[in-house]
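Written out below as structure tokens is the structure these notes cover.
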Amino acid sequence: MKKTLAVVLTMGLALAFVGCGKQEVTEVAETATEAVSAVEEAATVAESVAAEVTEVAETADDAKSEGVMTYAEYAAAELDSEVVVETYVQAKQSWWEDKATFYTQDQDGAYFIYEMACSQEDYDKLVPGTKIKVTGVKSEWSGEVEIVDATYEIEDGNFVATAKDATDLLGKDELIDLQNQLVSFSDMTVEAVAFKNEQPGDDIYVTLSKDGANYEFCLEYYLNGSDEKFYNLVSGLEAGQTVDVEGFLYWYEGANPHLTNVTVK
């Protein structure tokens with residue numbers, strides 16, 4: 001913006017030269033130079049104000065409503081207690097008989113919402129990024145912490161998480177702190193691929209290794225099994241291949257990420 005205004009003023013200066021004497025040209029030039037400096041300073045101030053406004057808006061969007069838990073408060077809450085969170089839909093796993101399961105996340109952590117009461121109409125509206133206020137019960141199943149018996153309200157706001165690189169946390173206790181978040185793992189080696197019920201058409205179990213240790217991953221059919229291209233890619237993986245993967249850090253008797261992206265290297 002500053003450059004554009006400076007060009008306009010310079011053109012005006014050139015036109016002012018026409019029909020002016022030497023002294024007049026000098027005065028016009030000095031005036032134009034001062035004007036350009038003033039415009040540039042004003043533009044700098046405007047850009048600074050715009051940046052501050054954006055920062056305030058983002059901070060306001062991150063703020064929790066009255067009575068809503070922060071992620072830290074949710075993580076510290078006792079099992080079987082009522083929880084109230086504001087979070088953003090990241091992926092939809094399933095809808096059946098007015099109950100829906102979602103992977104959700106905010107800027108601080110993630111929440112797995114299991115079989116929340118939800119109409120088909122609202123399920124269609126709850127696209128990735130949609131902000132919702134969820135009231136339910138904190139529960140656990142085979143290590144997976146989730147919110148059950150939940151209700152929700154759709155709110156203003158939008159957030160889509162980027163995958164957090166968790167490669168260095170493989171095999172470490174700290175990995176569970178990222179439970180249900182979208183994470184990535186780099187330079188993994190394919191060890192084995194197996195199908196639930198021993199045939200295609202359901203979940204795919206993928207064993208990947210890193211530095212001599214094996215880790216279990218899963219293509220959850222209800223999550224993205226209908227993506228034929230992705231399903232065929234995962235089912236066609238071969239032992240020895242090197243891959244980068246992304247997925248939601250689901251937990252079943254230990255880390256069991258649900259795959260959302262695989263890149264064969």
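Residue numbers count from 1 along this sequence. Only a predicted model underlies this, so the values are computations on that prediction, with no experimental measurement involved.
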Do [X] and [Y] have a side chain donor and acceptor closer than 3.5 Å?
{"X": "Y111", "Y": "D106", "value": "yes"}
{"X": "Q105", "Y": "T87", "value": "no"}
{"X": "Q120", "Y": "D124", "value": "yes"}
{"X": "S65", "Y": "E86", "value": "yes"}
{"X": "Y152", "Y": "D122", "value": "yes"}

Nearest non-hydrogen partners of A255 and L249, listed with the distance: CB-CD1, 4.1 Å
Which heavy atom in K210 sits nearest to a heavy atom in T167, and how many Å separate them? CE-CG2, 3.9 Å
Hey, are the side chains of [X] and [Y] touching, using non-hydrogen atoms and a 4.5 Å cut-off?
{"X": "L259", "Y": "V206", "result": "yes"}
{"X": "V245", "Y": "T263", "result": "no"}
{"X": "V134", "Y": "M116", "result": "yes"}

Should [X] and [Y] be counted in the same cluster of Ile, Leu, Val, Met, Phe, Trp and Tyr side chains packed under 4.5 Å apart?
{"X": "V89", "Y": "W95", "result": "yes"}
{"X": "W251", "Y": "W141", "result": "no"}
{"X": "V262", "Y": "Y221", "result": "yes"}

Rounded to the nearest 0.5 Å, what separates atom [atom1] in [X] from atom [atom2] in [Y]?
{"X": "D187", "Y": "S209", "atom1": "CG", "atom2": "OG", "value": "11.0 Å"}
{"X": "T162", "Y": "E246", "atom1": "OG1", "atom2": "CD", "value": "9.0 Å"}
{"X": "L223", "Y": "Y250", "atom1": "CG", "atom2": "OH", "value": "11.5 Å"}

Does [X] reach the main-chain N or O of [Y] with its side chain, forming a donor-acceptor pair under 3.5 Å?
{"X": "T101", "Y": "E115", "value": "yes"}
{"X": "K164", "Y": "L178", "value": "no"}
{"X": "N232", "Y": "E228", "value": "yes"}
{"X": "S81", "Y": "A77", "value": "no"}
{"X": "E153", "Y": "I132", "value": "no"}

Would you call K131 and D156 a salt bridge, using N to O less than 4.0 angstrom? no
Residues D80, K138: salt bridge by 4.0 Å N-O rule: no
Would you say the ring centers of F112 and Y103 fall short of 6.0 Å from each other? yes
Quick check: F217 with F185 (ring centres under 6.0 Å apart)? yes
NZ or CZ of K92 within 45° of Y123 ring axis and under 6.0 Å: yes
Please determine which of Q90, E144, E146 meets the side chain to side chain donor-acceptor pair (under 3.5 Å) test together with N180. E144
